[in-house]
Amino acid sequence: MRSSVIVFPGSNCDRDIAVVLEKLQFKNSMVWHKETTLPKSDLIILPGGFSYGDYLRSGAIAAKSNILNEVIKAGKNGCLIIGICNGFQILIECGLLQGALLRNSGLKFVSKDIFVRVQTNKNKFFNKYKNGEVLKLNIAHNEGNFFTNQKHLIELEEKELIPIKYCNEKGSIISESNPNGSLNNIAGILNKNKNILGMMPHPERMADKINSDQKGLPLFLSLMN
Amino acid sequence: MTIKNEQIEKHGLKLEEYKKIKELLGRDSNLLELGIFSAMWNEHCSYKSSKIHLKKLPTKNNIVIQGPGENAGVIDIGDDDAIVFKIESHNHPSFIEPYQGAATGVGGILRDVFTMGARPIALMNSIHFGSPENKKTQNLLNGVVSGIGGYGNSVGIPTVGGETKFNRTYNENILVNAMAVGHVNKNKIFYSKAKGINKPVVYVGSKTGRDGIHGATMASAEFDENSEEKKPTVQVGDPFTEKLLLEACLELMKKNSIISIQDMGAAGLTSSSIEMASKGNVGIELNLNKVPCRENNMTPYEMMLSESQERMLIILDDNKENEAKKIFDKWDLDFVVIGKTTDSKRLILNFDDKKVADIPITALADEAPQYNRKWTTSKNKKKELKLKSLKKIKIEEALLRILSSPDHSNKSWITNQFDQSVMCDTIQKSGGDAAVIRIHKKEKAISVSVDSSANYCNADAKIGGKQIICENWRNLISVGSKPLAITNCLNFGSPEKPEVMGEFVECIEGMKEACEFLNFPVVSGNVSFYNETNSKSIFPTPVIGGIGIFENLKKIINMKSKKVGNLIIIIGKTLGHMEQTTFMRDIYSINEGCPPEVNLVNEKNNGLAVSKLINDNLVSSCHDVSSGGIIVALAEMSMASMLGLKIVKPKKFKDLNEYFYAEDQGRYLLEIERNNLKKIEDILKKNNIFFEIIAEVQNDIFEVDKTFSIKTKELFDYSNKWFKNFNAVN
Amino acid sequence: MKFSVTVTLKKDVLDPQGKVVSQTLKNMGVENLNQVRQGKFFEIDLDENDTSKGHDKVKEMCEKLLANQIIEDFKINKAE
Amino acid sequence: MKFSVTVTLKKDVLDPQGKVVSQTLKNMGVENLNQVRQGKFFEIDLDENDTSKGHDKVKEMCEKLLANQIIEDFKINKAE
Ligand SMILES: Nc1ncnc2c1ncn2[C@@H]1O[C@H](COP(=O)(O)OP(=O)(O)O)[C@@H](O)[C@H]1O
Ligand SMILES: [Mg+2]
């Protein structure tokens, strides 16, 4: 399995992802944002961080970078893509995913462990989880408040394009367990073809047994074959 | 041109100091030179009031690679690994512009660490605010916390701990101290000492603007015409550029091209170039027309004194410019050769083909004034407190009040704004006695804790100084690590006041005693004087940042009680010291008396015994007893896991509050398995350590036998109350 | 030639920042406050003498980068 | 009555946001761009009929909350 992690100058979770991919023996390359070609990849990851400082809108500037043209092409051709945190914001800004990520409703950076419930495992990314499984993951962002129009929201819900929602420890999806004001507690979404995933929580931070219960690992494991 | 007395004073120099400048130059200085002297000779750069006292602190032992004097201290943690760390204050800027002040404080301390070749792996902070009732407090708290987070989160270094305190002494002078910790291969450490003649001096990073140029100095004649436009400004931080600078510097450091490197901190280009030259005993010549500027028409004076952030000065080896420039181009940063080293031992500045300054380096560095300022001993305010004469309060009532007080309440409102997990090596986040960070891809970890105790120091600076070193040491022991060394930030009032100077001198005396006894050297630090408003000084506030080591990841423990049926024992004697306790202050508003004395022999014995028990895998969880006494510490253990505790009523104390709220030093709470009790007893008895069984872990309920009982969940709700209310109300 | 651009959230998009600012102002004792909405402001200095050409250029910048038209509207003004 | 407020960084203060935006626009091929500076924009809707009173109120809001005058300037306009 060949993977590419796109590195923007302000990415800061690129190394974290690479550590996990290497542990799982992906053939991984780190791809600098100024590159104009992508190595052959089965999986592309847009990591978390502050791609270009994120001073305008998170991800807006990264969406205009050289390498993104290639990522967009690959995505349209069915390549698997995961955008985590800032990566999710970039996927939205470049149009590979629909909707918007607004400022957190509390207007503060939120960094903590949260729970998400697997809503559907009928996709490439979550097939190693059980439906309804509750995962403890970590979030760290300023703009993770997912918003979209009613029509798109209905489509997301009906076509099983929302793989994870914020929930409490027991798996109930309630507003108290929504850390950022996200519509319907949405923590991540898929595109129509289900080859592109954007999610705010960081699975790579829950992959090592020294500091987690490793609930982030199956996401990467499910992509291996 | 001659310098007027008024200009000298506006530059913060004394007239006698200027007389000395004239002697050193053999002539009058010009305005630019005056500005340079004022920057180098001010308290911040020259340590002129503190140097002779700081020398008393122990700074060496077999693990210290670099003590004070460099950008940060460096200690050896085995296998070629070294830890680089330092703490620094950004108090005044944070009071004026809390977000940017705190943010740039974090930026500055990060540069101190990566300039030595280390990759930063953790950030900590100690923040002190005025009383919550003070109108400014909420805005300052919000601004400082989001500024610290805003910078660290963006650069991608986890902020893993710290402390937050409130006291009206900081109403008009908050404290914002930031600490950074980095990891480096001990054979690849970079220093600021210049070497060699005719080596290129390179400016890298952001462009220079008119940031942070001293208000006082701006008023000088040169700027009269358009002073409105050139108003002094607070620095604005750019964490994105910092990230680029960090990566670019570390990339360049992999090659063998850097002779020396120094970040531009306070007094920017002036102090960085002079420090490098002074340490290397060489001269330096700069062409100021080459300095990358953000604004048009910047003067040499502005360029030399600007405190623009995210800049570095590098001295490169011969023929390395192209290779180095390529790296900085890749990261879209400025890279300009602005001068060279010389054998003149002078600082020579050229601008528009004219020599605009020419000063012997020694005059700026070694010849800077040093003062042995007058000091008076801070009176030991001895006073016996009689609890009996005070209105009785129930234990549980006092406990709930303390847990819902600003200092003791749960700080997750703050820590949830800090990314604590990025880099994936954080093993223990804030909330415990010390944070724990793994060394990347290795089977070892370090612990970090930041502590202060302004109330104790205010009551008795010497005991307070000693106590805070011990508390820091204890926090590192409590997570299972071996304490190694500290950094310190000494926040005091004006050194020109004998009482303040007395606090400073005595505090150092106390710190020294403890550091020596515990073999806990000081490897870096910072002094922040003049923390006062309307000539009222803050409480003396030394902040200690300590580092400990785990040679084995299996020895890491925390304070979460683990298993119903386990016992909790207390190590160390409880005598009932009530003066200066949280209890007296929070419940009766009594601030008099001495702080608890520290017995260094007991402190060390108790600590080493706890370490041994943890190392022998006999301890399930551990927490030191500090502010708030035993009952608060027990409540914290209980809340950490949501398990309850059944606490034994002590036999020897008539007044239970005196037992539960006393702040005697050198005590620890250990959770142990019942069947290990015998083994533990043997070890402790053999080492002459006092201990007793104090509680048993149970479900849900926190209670003192036959006295009171409350749900742990309720304690937790109380401890979360304060921040929520404080933020909602205003 | 200078232009100023304001970018604001579309009417039906929740504006958490504006909401908090408005709440804070109310807490500070400001009365008769109906609503506050927060947006972004840009001052763009172009080397261009033709107002209409300048305007077109700025419009393009807004569409391509400065505003996310799914959630935001923009307005361009010529600055003095 | 509606007012609009723009809050911008003072002239000599570093504007990291404007810097990145301007660099990006240049990379995207925009020519003749001298400078971009980014600031904040507020639309304030007051229940107030007297323009001058309204203006004073908004000014107070700016001074107390919306702008930090150490590093920022503000400008108030009456919106149509
Ligand atoms: N400003 C802060 N930044 C990060 N962590 C903080 C901050 N303030 C408090 N904390 C965390 O909250 C916990 C409790 O703090 P404190 O009561 O001062 O602990 P202790 O008495 O053990 O030193 C600690 O783990 C500390 O790291
Ligand atoms: Mg502690």
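Fair warning: this is a prediction, and the values are worked out from it, not measured in the lab. Below, chain A is the first sequence line, B the second, and so on; all start at residue 1. Values reported hereafter were calculated over all heavy atoms of this structure, with side chains retained and with hydrogens, waters and symmetry mates removed.
Distance check: Asn139(B) CG to Asn68(D) CG gives 8.5 Å after rounding to the nearest 0.5 Å. Atom-to-atom distance recorded for Gln17(D):CD and Asp238(B):CG is 9.5 Å, nearest 0.5 angstrom.
Heavy-atom neighbours of Asn49(D) CG from other residues, nucleotides or ligands within 6.0 Å: at or below the threshold of 12. Around NZ of Lys26(D), the count of heavy atoms belonging to other residues, nucleotides or ligands within 6.0 Å exceeds 12. Enclosure of atom NZ in Lys59(D) is not indicated, since only 12 or fewer non-hydrogen atoms of other residues, nucleotides or ligands lie within 6.0 angstrom.
Lys19(D) has its side chain within reach of Ser206(B): a pair of non-hydrogen atoms, C-beta onward, lies under 4.5 Å apart. Between Asp211(B) and Leu14(D) there is a side-chain heavy-atom pair separated by less than 4.5 Å.
Of the two parts of Glu97(B), the backbone and the side chain both hold a non-hydrogen atom closer than 4.5 Å to a non-hydrogen atom of chain D. When heavy atoms are compared at a cutoff of 4.5 Å, Gln309(B) does not approach chain D at all. In this structure, no portion of Ser308(B) lies under 4.5 Å from any heavy atom of chain D.
The closest donor-acceptor contact from the side chain of Arg294(B) to the backbone of Asp12(D) lies under 3.5 Å.
Closest of all the heavy-atom pairs between Lys11(D) and Glu295(B) is O-OE2, 3.9 Å. Between Gly237(B) and Pro16(D), the shortest heavy-atom contact is O-CG, 3.7 Å.
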